[in-house]
Number of protein chains: 2
Amino acid sequence: MNSSDWMNERKLNILRAVINDYIMTAEPIGSRTIARKHELGLSSATIRNEMADLEEMGYLAQPHTSAGRIPSVKGYRLYVDHLIRLTELTLEEVISIRNAISEQAFELNRLMRHVTSILSEATGYISIATIPKMNQNKIKAVQVLPVEPGKLLVVSVAEGGIVRNRLVRISVTPDPNFVQKVSRVLNSKISGLNMNEINLEVIRGIKEDIQVPDSMLMPILDAVYDCIGSIDSNEAYVDGTVNLLGYPEFHDPVRVRELFRLLDEENNIQQLLNRDETNSTNVTISIGTENRLEQARDSTVVSTSCPMGDSMMSSIGIIGPTRMDYSRVISIMKLDRRLFKNEFEKLYNGNNSEET
Amino acid sequence: MNSSDWMNERKLNILRAVINDYIMTAEPIGSRTIARKHELGLSSATIRNEMADLEEMGYLAQPHTSAGRIPSVKGYRLYVDHLIRLTELTLEEVISIRNAISEQAFELNRLMRHVTSILSEATGYISIATIPKMNQNKIKAVQVLPVEPGKLLVVSVAEGGIVRNRLVRISVTPDPNFVQKVSRVLNSKISGLNMNEINLEVIRGIKEDIQVPDSMLMPILDAVYDCIGSIDSNEAYVDGTVNLLGYPEFHDPVRVRELFRLLDEENNIQQLLNRDETNSTNVTISIGTENRLEQARDSTVVSTSCPMGDSMMSSIGIIGPTRMDYSRVISIMKLDRRLFKNEFEKLYNGNNSEET
DNA sequence: GTTTAGCACTCGATACAATAGAGTGCTAAC
DNA sequence: GTTAGCACTCTATTGTATCGAGTGCTAAAC
C-alpha cells in the first residue's frame with residue numbers, strides 16, 4: 001500500500017461518476033466510459049488506476065476480470081453519506097405530488113393508502129408504510145347506536161381519527177332509551193383512558209354501573225372490548241410492487257417471489273421500516289446487506305418517520321434495487337413526508353395539544 | 001375427412017390424458033408418454049394418429065413439428081365442460097378451509113379480505129373479489145356523535161353490515177343535546193331510504209327540519225352526504241399475486257407486469273369477474289382468449305357469484321395459467337362459496353327478510 | 001512524480017456447426 | 001383397425017472459434 005491508496009478528491013469524483021452511471025444503466029462501468037462521459041480531464045488509464053485502488057479499498061467490485069466496475073455496498077454508503085448531490089425536483093413534479101396528495105383524505109386508513117400509492121408512483125419503486133402499534137393511544141369516545149331491530153353498532157374513536165366499529169346482535173330488541181343510557185355510561189367510563197389502561201376486567205366492571213340483566217349487556221361489552229382492541233391492530237400498506245418487475249435485477253422470478261412474499265407479512269414491513277428510531281426526523285437508508293431481513297439483502301430501503309399527533313408515529317418508505325436513484329428518492333421522500341404531515345394535521349386539527 | 005375425424009370416446013380419453021398431463025408438467029405431451037402412463041391399451045402409433053386428428057379438429061396444438069401436443073383453448077373448453085372428473089377434496093383440506101374461513105369475521109371488509117386470502121392460499125393462484133356497486137342498497141341508520149370539542153363523527157350503516165364514517169370539524173362546539181337532536185332528525189329522515197333516493201338536494205333539504213344556523217349544520221350535512229356516498233364505493237380484493245411467479249408460464253417479467261398492472265384497477269377486476277350474470281349460481285370459467293381483457297388472454301379466470309342478503313351480490317374468483325388444475329379449483333371454489341355465504345349470513349343474521 | 005499511450009491478456013457474449021433426442025407422419029405388415 | 005418400423009423434422013445441447021470490452025502493466029511523455 002502506497003500513498004495512492006488513500007482517499008482523495010479525485011477518487012471520490014470517479015466513484016461518484018461510476019455510481020451515477022451504474023444507477024442509470026445497470027451495467028458494469030468501464031474506465032473509458034467514465035473518461036468519455038464525465039469531463040474529469042483524465043485519461044482512461046489514470047481512471048483505471050484509480051478504479052483499481054477504489055476496488056482494493058472496497059468501494060467498487062468487479063463481476064469478473066474483464067468487466068467494468070460496479071459499486072459495492074460500502075461504495076453506495078459513501079455515496080449517500082457524502083458524495084450525493086441532491087437534485088431539486090422540478091416545479092411540475094412538486095406540484096403534481098402536492099396536488100395528488102391533497103386530493104382526498106377523510107380517513108386515516110385512506111390517507112395512508114393514498115400516500116403510499118403516490119410515493120410508489122413518484123419514485124417508481126415499491127412503497128411501504130405502517131403505523132406502528134403504540135398503546136399509549138387514548139380513547140376519545142365510545143358509543144352504542146341502535147341500527148335495526150336486534151342489531152346495535154358499537155363505535156369507538158381514538159386519537160388521530162382512528163375509528164373502529166362492531167355490529168352486535170342481541171336476541172331482544174332493547175329500548176332506545178336503554179341503549180342511550182348504556183352508551184352514555186360507557187362513554188363516560190372509557191373515554192379519556194389510554195389503550196393500556198383498558199382490559200376485559202375494566203370493561204366488564206362497567207356492568208356494575210348499569211342495572212340491567214347480563215344477558216343483554218354482555219354482548220355489548222364484549223363488542224366494545226373487541227372494538228377497542230382492534231384500534232391498534234394495524235395494517236401495513238404496500239404499493240407499486242409491479243414497478244420492480246421493470247428493473248433487470250428483478251427479472252429472476254425466485255428472487256422477486258421471495259421479496260414479494262416478504263411484503264405479505266405486516267411484521268416484516270415494520271422490521272424494514274423501524275430500523276433506526278433515533279434520528280427519526282430524517283431519512284434513513286439501508287443498503288443491501290445492511291438490511292436485517294435476508295430477502296431484502298439485495299435491495300435498498302429508504303424510510304422516514306412522521307409524527308402524527310402526540311401519540312402516534314407513522315413510518316413510510318420505499319424499496320428498490322440497490323442502484324436506486326438515491327438523490328431523487330430522498331427528495332421525494334422529504335417532500336412526501338412534509339405533505340403527509342400537513343395533510344394529517346389538516347385532517348385532525350393539529351397535534352391536539354389540549355391533552356394533559 | 002373420413003370417419004376417423006369424428007369425435008369418439010377414445011379421442012376424448014386421449015384428450016383428457018393429454019390435458020391432465022400437461023396441467024402437471026407444462027411440457028408438450030408426446031404420444032409415447034400417453035401410451036406409457038395411461039393404460040388405454042393402445043400403442044403410441046395409434047395415439048399418434050388420434051392426436052393428429054384431435055389437432056386437426058382444433059383441440060390440440062403443436063408448438064413445432066417435432067414436439068408433443070398442448071391443449072388449445074377449444075381443448076380446455078371441452079375438457080372443463082365434459083371431460084373433467086371432479087376430484088373430491090380430502091377431508092383435511094375441507095376442514096382446514098372451513099376452520100380458516102370461520103376464524104374471525106366481524107366486518108364485511110375484513111371478511112372479504114379473509115375469504116380472498118384463503119382462496120388464493122388453497123388454490124395456489126391469484127384470487128380476486130369484488131362487491132359490485134348496486135345502489136338499491138338501503139340505509140339502515142345514520143347518526144352523529146360528539147367526539148371531542150370541535151369534532152363530531154358521522155356514522156352511517158347500510159344493509160349487509162356496511163358501516164362508513166366521517167369526522168367533521170366544526171368551529172363551535174355544539175351542545176350534546178343539539179347533536180342528539182340533529183342525529184335523531186337525520187336518522188328518521190334518511191334511514192330506510194335506498195341509496196339511489198339520496199342526493200345532495202335531499203340531504204340539504206333536511207336543514208329545513210332543524211332550526212339551526214347553516215354555518216353549523218352545513219358541515220354536518222356535507223359529511224353525511226359524503227359518508228353515505230362512500231357506501232357503494234367499493235374496492236376490489238386481490239390476494240396471492242406472488243403465487244403466479246412460481247409457474248413457468250409467468251416467468252416472463254413483461255407478461256407478469258402487464259397482468260399485475262391489470263389487477264391494480266378495480267374496474268378490471270370487475271370486468272374479469274362479472275362475465276356471466278345469468279348462471280350466477282354456478283362456477284364460470286373463462287379460458288385464455290375467452291377473456292375480454294387483452295392482458296388476461298393467456299390466463300384462465302374461474303369465478304362465481306354469491307348473493308349477500310337481498311340487495312348485494314359479491315363475486316369471487318381466481319386467476320391462474322390456462323393449464324390450471326381445473327378440477328381442484330372448481331371444488332375449492334364451490335366449497336369456498338358455500339362457506340363464505342354461511343359466514344356472511346351468520347354475521348348479518350340471514351337475508352334480512354323484514355325488508356319492505 | 002504523475003499521467004498517459006500502448007499492448008498483451010482475460011473472459012463473457014455471440015455466432016456457428018455438429019450432435020443427440022424427442023416426437024412426428026407415413027407405410028407396410030399384422 | 002392396429003401397430004411396428006423408419007425416415008424426417010426441429011429443438012436443445014455441446015463444442016469451437018471469434019469478437020470486443022475492459023483490465024493491468026510497462027514504458028514513454030510530461
Side-chain angles (χ1 to χ4, degrees), chain A residues 1-11 13-15 17-19 21-22 24-57 59-72 248-249 251, chain B residues 1-15 17-19 21-22 24-57 59-72 248 251:
Chain A
M1 291 231 186
N2 61 30
S3 71
S4 71
D5 280 346
W6 297 335
M7 188 50 87
N8 59 35
E9 193 65 26
R10 198 170 68 182
K11 280 194 178 57
N13 284 332
I14 291 172
L15 180 58
V18 170
I19 296 184
D21 272 24
Y22 186 69
M24 298 307 295
T25 64
E27 301 279 310
I29 308 298
S31 53
R32 279 200 59 198
T33 316
I34 299 294
R36 249 186 290 114
K37 291 217 305 198
H38 305 261
E39 295 129 358
L40 300 173
L42 297 171
S43 74
S44 67
T46 312
I47 293 173
R48 212 143 49 228
N49 289 330
E50 296 289 39
M51 281 167 85
D53 290 349
L54 283 167
E55 180 173 2
E56 200 183 351
M57 295 160 83
Y59 295 108
L60 292 177
Q62 221 175 355
H64 52 265
T65 337
S66 71
R69 303 304 210 291
I70 63 176
S72 67
E249 38 270 88
H251 276 7
Chain B
M1 290 233 186
N2 60 32
S3 70
S4 71
D5 279 348
W6 297 336
M7 188 51 87
N8 58 36
E9 193 65 25
R10 197 169 69 182
K11 281 195 178 57
L12 293 178
N13 284 333
I14 291 173
L15 180 58
V18 171
I19 296 185
D21 272 25
Y22 186 69
M24 298 308 295
T25 63
E27 301 280 310
I29 308 298
S31 52
R32 279 202 57 199
T33 317
I34 299 293
R36 251 186 288 113
K37 290 216 307 199
H38 305 262
E39 295 130 358
L40 300 174
L42 296 172
S43 75
S44 68
T46 311
I47 293 174
R48 213 143 49 228
N49 290 329
E50 296 288 41
M51 281 167 85
D53 290 350
L54 284 167
E55 179 173 2
E56 200 182 351
M57 296 159 83
Y59 296 108
L60 292 177
Q62 220 175 356
H64 53 263
T65 336
S66 71
R69 303 304 208 294
I70 63 175
S72 68
H251 276 7

| message | So which atom in Ala67(B) and which in Gln62(B) form the shortest heavy-atom distance, rounded to 0.1 Å? | response | O-NE2, 3.1 Å
| query | Hey, what do you get for CG (Leu15(B)) to CE (Met51(B)), rounding to the nearest 0.5 Å? | reply | 9.5 Å
| remark: Taken to the nearest whole Å, CD/Glu27(A) to P/dG12(C) is 15 Å
| query | Can you list, by residue number, the residues of residues 65-72 of chain A that have a non-hydrogen atom closer than 4.0 angstrom to DNA chain D? | reply | Thr65(A), Ser66(A), Ala67(A), Gly68(A), Arg69(A)
| request: Could you tell me the separation between the CG atom of Asp53(B) and the CZ atom of Arg10(B), rounded to the nearest 0.5 Å? | output: 9.5 Å
| field | Rounded distance (nearest 0.5 Å) linking atom CD1 of Ile47(A) with atom OG1 of Thr33(A) | value | 9.5 Å
| In whole Å, what is the span from the CG atom of Leu54(B) to the C1' atom of dT24(C)? | 15 Å
| task | Nearest whole angstrom, please: distance from the P of dA21(D) to the CD1 of Ile34(A). | result | 16 Å
| NA contact type, Ser31(B), heavy-atom cut-off 4.0 Å: base, sugar-phosphate, or nothing? | sugar-phosphate
| said: What is the distance, to the nearest angstrom, from the CG atom on Asn8(B) to the C1' atom on dG1(D)? | reply: 12 Å
| request: To the nearest 0.5 angstrom, please state how far the OH atom of Tyr59(A) sits from the CE atom of Met7(A). | output: 4.5 Å
| With the sugar-phosphate defined as primed atoms, P, OP1 and OP2, and the base as all remaining atoms, what B/S/- string results for nucleotides 25-30 of chain D, 5' to 3', for protein heavy atoms under 4.0 Å? | ------
| Would you say dA4(D) has OP1 or OP2 under 4.0 Å from some side-chain N or O of Arg32(B)? | no
| note | Walking DNA chain D from its 5' end, the first of Thr46(B) and Gln62(A) to be reached, judged by nearest nucleotide, is Thr46(B)
| message | Rounded at 0.5 Å granularity, tell me how far CE in Met57(B) sits from CD in Glu50(B). | response | 9.5 Å
| Whole-Å distance separating the CD1 atom of Ile47(B) from the P atom of dT24(C) | 10 Å
| How close or far is atom P of dG1(D) from atom CG of Asp53(B), stated in whole angstroms? | 12 Å
| request: Can you see which heavy atom on Ser31(B) is nearest to which on Arg48(B), and at what distance? | output: OG-NH1, 3.3 Å
| said: Whole angstroms only, please: what is the CE-P distance between Met51(B) and dA22(C)? | reply: 16 Å
| query | How long is the span from the CG atom in Asn8(B) to the CG atom in Asn13(B), to the nearest 0.5 Å? | reply | 9.0 Å
| query | Does Leu42(B) offer a backbone N or O that forms a donor-acceptor pair with the side chain of Thr46(B) under 3.5 Å? | reply | no
| message | On DNA chain D, does the nearest nucleotide to Ser43(B) precede the nearest nucleotide to His64(B) from the 5' side, or the other way round? Give the residue. | response | Ser43(B)
| request: Round to the nearest Å and state the distance from Arg36(B) atom CZ to dA22(C) atom C1'. | output: 11 Å
